[in-house]
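Just below is one structure, and these are the notes that go with it.
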Amino acid sequence: MSSYVSLVDLLTDPIYRGPIWGALFMSISASLMGAINVVRKKPLVSEMLSHACFPGVVLGTMIGALFFTYSDTLAFSFILIGASIFSLFSHLLFEKLIQNKLKSDVALCYLGTSFLGLGVLLASFMQKSHVMWYSKIQVFFYGQASTMSDTHIWIYAALSSVVALFLIVFYRPIRLVCFDPEYARSIGIRSKGILMIQSTLLTLSIVVGIRSVGIVLMTGMLIAPCIAARYLTSRFSIYLIASLAFGVVSTLCGNILAINWPFELSGLHFVPTGPTTVIVASMMAFIVMLLSPKKGLLGKYLRKRNFQKRCLRENILKAFWKKEKESSLSEVFTWNLAPFSLVKTTLKKLAYQGFIDRRAGVLSLTEDGRKKAAYIVRLHRLWELYLAEHLEYSKEDIHKNAEEIEHLITPEIEEKLTRLLLDPQMDPHNKPIPQKELI
């Protein structure tokens with residue numbers, strides 16, 4: 001088993017520092033530019049641009065093979081230039097297709113698959129004639145951060161600096177263009193220029209990023225950190241910072257995991273850094289989506305479940321109030337459609353809260369229970385009266401609506417309904433409305 005590589009060694013060792021620092025700088029530019037694209041509701045543009053750069057990678061490799069040796073750094077520059085040209089060209093074609101009334105998702109799928117197919121076709125010509133150069137193409141297709149050098153660090157650091165400078169200098173125009181482009185144009189902001197710079201930087205971020213995680217997985221690094229950040233905040237500035245933080249942390253953890261892989265698979269102690277980085281970013285996004293306090297899926301489920309339980313408790317109290325008599329446990333089950341176990345648990349909860357008295361198998365409302373039930377009935381009948389008098393609902397339609405809304409009416413809304421309806425005494429069905437002072 002290989003020895004553990006510490007974080008300090010990863011950041012300083014000549015063997016590891018190229019991949020780790022290059023990947024970190026890549027994640028900075030990718031997460032920031034991806035965050036803007038997600039806010040603009042154009043995340044699939046990133047997918048198209050990453051696929052569209054592949055023919056440029058192949059043509060740049062072909063040109064590099066004519067003039068340079070396999071290990072020459074200038075050959076890498078030709079590859080980056082070729083990839084950038086094809087990505088920008090695909091973006092221009094996309095804009096033209098959109099202007100000609102083609103739906104954006106159709107245009108994205110069409111261009112992405114077309115350019116990728118062209119790249120695969122061109123790469124097949126080099127598979128036998130230039131075997132070594134073909135392996136360089138494969139590096140860009142699948143990613144290979146482990147072979148990056150100090151030169152890549154400087155290239156990626158320069159791009160990250162340009163991206164950060166762009167966001168700092170043009171922060172306010174970018175925010176307006178992303179959220180309210182019409183207003184931005186009305187106050188004289190050159191939206192087209194801002195978007196052109198952003199598209200160029202996005203393209204460059206993708207082009208340099210494919211060296212680390214590959215064309216196939218690059219979209220994950222553009223979107224996953226932004227998804228995690230979006231579930232944590234609604235403020236644009238914090239969203240950008242959170243996207244940056246998630247991108248950097250996922251890249252760092254992905255590289256550490258790849259080098260210090262804890263599981264031996266067919267004798268392999270190291271795994272590719274690109275897939276592990278994207279998997280870590282995706283897992284972080286999933287955890288945030290699940291556990292986010294306000295927007296998390298688990299929180300939403302628990303709030304929905306608690307609301308359903310509260311509705312059941314209030315409906316049971318209301319049913320007891322209307323019957324005005326004691327009921328046995330079996331009778332309660334006959335007028336509740338909820339599952340047996342849930343009704344039984346709800347009755348225990350109501351008894352614990354002091355709303356229901358349980359003696360010798362007979363259930364009845366306590367004094368607090370009668371007041372609570374009367375208040376629920378009051379909200380129900382106030383809403384029925386409001387629907388009938390102000391929204392002109394028929395008497396046949398108001399009951400079902402009120403059954404749902406009564407659980408959502410706050411004391412403030414109840415006060416407004418009371419004033420609007422002039423403190424009513426009877427509902428549309430000529431049933432008395434419980435008065436607040438008696439509850």
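Since the structure is predicted, the reported quantities are computational estimates derived from the model, not experimental observations. Computation of the quantities below employed the complete heavy-atom set of this structure, encompassing side-chain atoms and omitting hydrogens, waters and symmetry-equivalent molecules.
Between Tyr239 atom OH and Ser234 atom OG the span is 11.0 Å, to the nearest 0.5 Å. Separation of atoms CZ (Phe86) and CG (Leu118) is listed at 6.0 Å; rounding is to 0.5 Å. Between the CH2 atom of Trp383 and the CG atom of Leu421 there is a distance of 10.0 Å, given to the nearest 0.5 Å. Thr233 OG1 to Ile241 CD1: the interatomic distance, rounded to the nearest 0.5 Å, is 9.5 Å. Of the inter-residue distances, the one linking Thr61 atom OG1 with Ile79 atom CD1 reads 3.5 Å to the nearest 0.5 angstrom. Atom CZ of Phe307 and atom NE2 of His407 lie 6.5 Å apart (nearest 0.5 Å).
Nearest heavy-atom pair across Pro424 and Leu382 is CG-CD2, 3.6 Å. Of all heavy-atom pairs spanning Ser31 and Cys226, the tightest one is O-SG, 3.7 Å. Scanning all heavy atoms of the two residues, the minimum distance from Pro432 to Pro434 falls at O-CD, 3.5 Å. Taking both residues in full, the closest heavy atoms of Met221 and Ser27 are given as CE-CB, 4.2 Å, listed atom of the first, atom of the second, then distance. Closest approach of Cys53 to Ser50, counting heavy atoms only: SG-O, 3.0 Å. Among all heavy-atom pairs drawn from Gly220 and Val278, the shortest one is CA-CG1, 4.3 Å.
Counting heavy atoms from C-beta on, the side chains of Ile85 and Leu59 never come closer than 4.5 Å. Between Tyr393 and Pro428, every side-chain heavy-atom pair lies at or beyond the 4.5 Å cut-off. Side-chain contact between Met196 and Arg190 is absent, with no heavy-atom pair separated by less than 4.5 Å. Within the 4.5 Å cutoff, the side chain of Leu244 has no heavy atoms near those of the Leu240 side chain. Side-chain contact between Glu47 and Leu108: absent, with no pair of heavy atoms (C-beta onward) separated by less than 4.5 Å. The shortest side-chain heavy-atom distance between Asn315 and Glu406 falls under the 4.5 Å cut-off.
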Do any side-chain atoms of residues 248-258 form donor-acceptor pairs under 3.5 angstrom with protein atoms, and if so which ones, sequence neighbours left out?
{"residue": "Ser250", "atom": "OG", "partner": "Phe246", "partner atom": "O", "Å": "2.8"}
{"residue": "Ser250", "atom": "OG", "partner": "Gly247", "partner atom": "O", "Å": "3.0"}
{"residue": "Thr251", "atom": "OG1", "partner": "Gly247", "partner atom": "O", "Å": "2.8"}
{"residue": "Asn255", "atom": "ND2", "partner": "Thr251", "partner atom": "O", "Å": "2.7"}

Could you pull out every donor-acceptor pair under 3.5 Å between side chains of residues 34-45 and any protein atom, sequence neighbours left out?
{"residue": "Asn37", "atom": "ND2", "partner": "Lys42", "partner atom": "O", "Å": "2.9"}
{"residue": "Asn37", "atom": "ND2", "partner": "Ser46", "partner atom": "OG", "Å": "3.2"}
{"residue": "Arg40", "atom": "NH1", "partner": "Gln198", "partner atom": "OE1", "Å": "3.3"}

Can you list, pair by pair, the side-chain donor-acceptor contacts under 3.5 Å of residues 154-182, counting residues two or more places apart and other chains?
{"residue": "Tyr156", "atom": "OH", "partner": "Val208", "partner atom": "O", "Å": "2.6"}
{"residue": "Ser160", "atom": "OG", "partner": "Phe25", "partner atom": "O", "Å": "2.6"}
{"residue": "Ser160", "atom": "OG", "partner": "Tyr156", "partner atom": "O", "Å": "3.0"}
{"residue": "Ser161", "atom": "OG", "partner": "Ala157", "partner atom": "O", "Å": "2.8"}
{"residue": "Tyr171", "atom": "OH", "partner": "Ser237", "partner atom": "N", "Å": "3.3"}
{"residue": "Asp180", "atom": "OD1", "partner": "Tyr183", "partner atom": "N", "Å": "3.3"}
{"residue": "Glu182", "atom": "OE1", "partner": "Arg185", "partner atom": "NH2", "Å": "3.4"}
{"residue": "Glu182", "atom": "OE2", "partner": "Arg185", "partner atom": "NH2", "Å": "2.5"}

Result block: side-chain N/O donor-acceptor pairs under 3.5 angstrom for residues 344-352, not counting sequence neighbours:
{"residue": "Thr345", "atom": "OG1", "partner": "Ser341", "partner atom": "O", "Å": "2.8"}
{"residue": "Thr346", "atom": "OG1", "partner": "Leu342", "partner atom": "O", "Å": "2.7"}

* Could you check Leu204 against Ser29 for side chain to side chain contact (heavy atoms under 4.5 Å, CB included), going step by step and ending with a plain yes or no? => CA-CA 9 Å; Leu204 292 176; Ser29 57; over 6 Å; no
* To do: Apply side chain to side chain contact (heavy atoms under 4.5 Å, CB included) to the pair Met218 and Met26, showing each step before the final yes or no.
  => CA-CA 10 Å; Met218 186 61 207; Met26 176 277 300; 4.0 Å; yes
* Asked: Can you list the steps and then say if His429 with Ile398 is a side chain to side chain contact (heavy atoms under 4.5 Å, CB included)?
  -> CA-CA 10 Å; His429 304 287; Ile398 59 177; 3.7 Å; yes
* In sequence, state the C-alpha distance, the side-chain angles, and the governing distance for His380 and His399, and then conclude on side chain to side chain contact (heavy atoms under 4.5 Å, CB included). => CA-CA 8 Å; His380 178 98; His399 178 73; 3.3 Å; yes
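Atom NZ of Lys322 has more than 12 heavy atoms from other residues, nucleotides or ligands within 6.0 Å. Applying the 6.0 Å contact sphere to CE of Met426 captures more than 12 heavy atoms from other residues, nucleotides or ligands. In Trp321, the CH2 atom is crowded: over 12 heavy atoms of neighbouring residues, nucleotides or ligands sit closer than 6.0 Å.
Panel note: side chain Arg370, backbone Leu365; a donor-acceptor pair is recorded below 3.5 Å. No donor-acceptor distance shorter than 3.5 angstrom exists from the side chain of Ser292 to the backbone of Met289, with no hydrogens or angles considered.
Applying the ring pair (Phe, Tyr, Trp, His ring centres under 6.0 Å) criterion to His51, with sequence neighbours excluded, gives no partner residue. With sequence neighbours excluded, the residues that form a ring pair (Phe, Tyr, Trp, His ring centres under 6.0 Å) with Phe54 are Phe141. For Leu92, the side-chain contact (heavy atoms from CB on, under 4.5 Å) test picks out no residue, with sequence neighbours left out. Residues passing the side-chain hydrogen bond (donor to acceptor under 3.5 Å, both in side chains) test with Asp357, sequence neighbours excluded: Arg359. Remark: Ala107 pairs with Phe94, Leu97, Ile98, Leu102 by the side-chain contact (heavy atoms from CB on, under 4.5 Å) rule, at least two apart or across chains. In this view, His390 and Tyr386 satisfy the ring pair (Phe, Tyr, Trp, His ring centres under 6.0 Å) rule, not counting sequence neighbours.
Identified under the salt bridge (Lys or Arg N to Asp or Glu O under 4.0 Å) test for residues 292-313, with sequence neighbours left out: Arg310-Glu314. For residues 387-404, the salt bridge (Lys or Arg N to Asp or Glu O under 4.0 Å) pairs, not counting sequence neighbours, are Lys318-Glu403.
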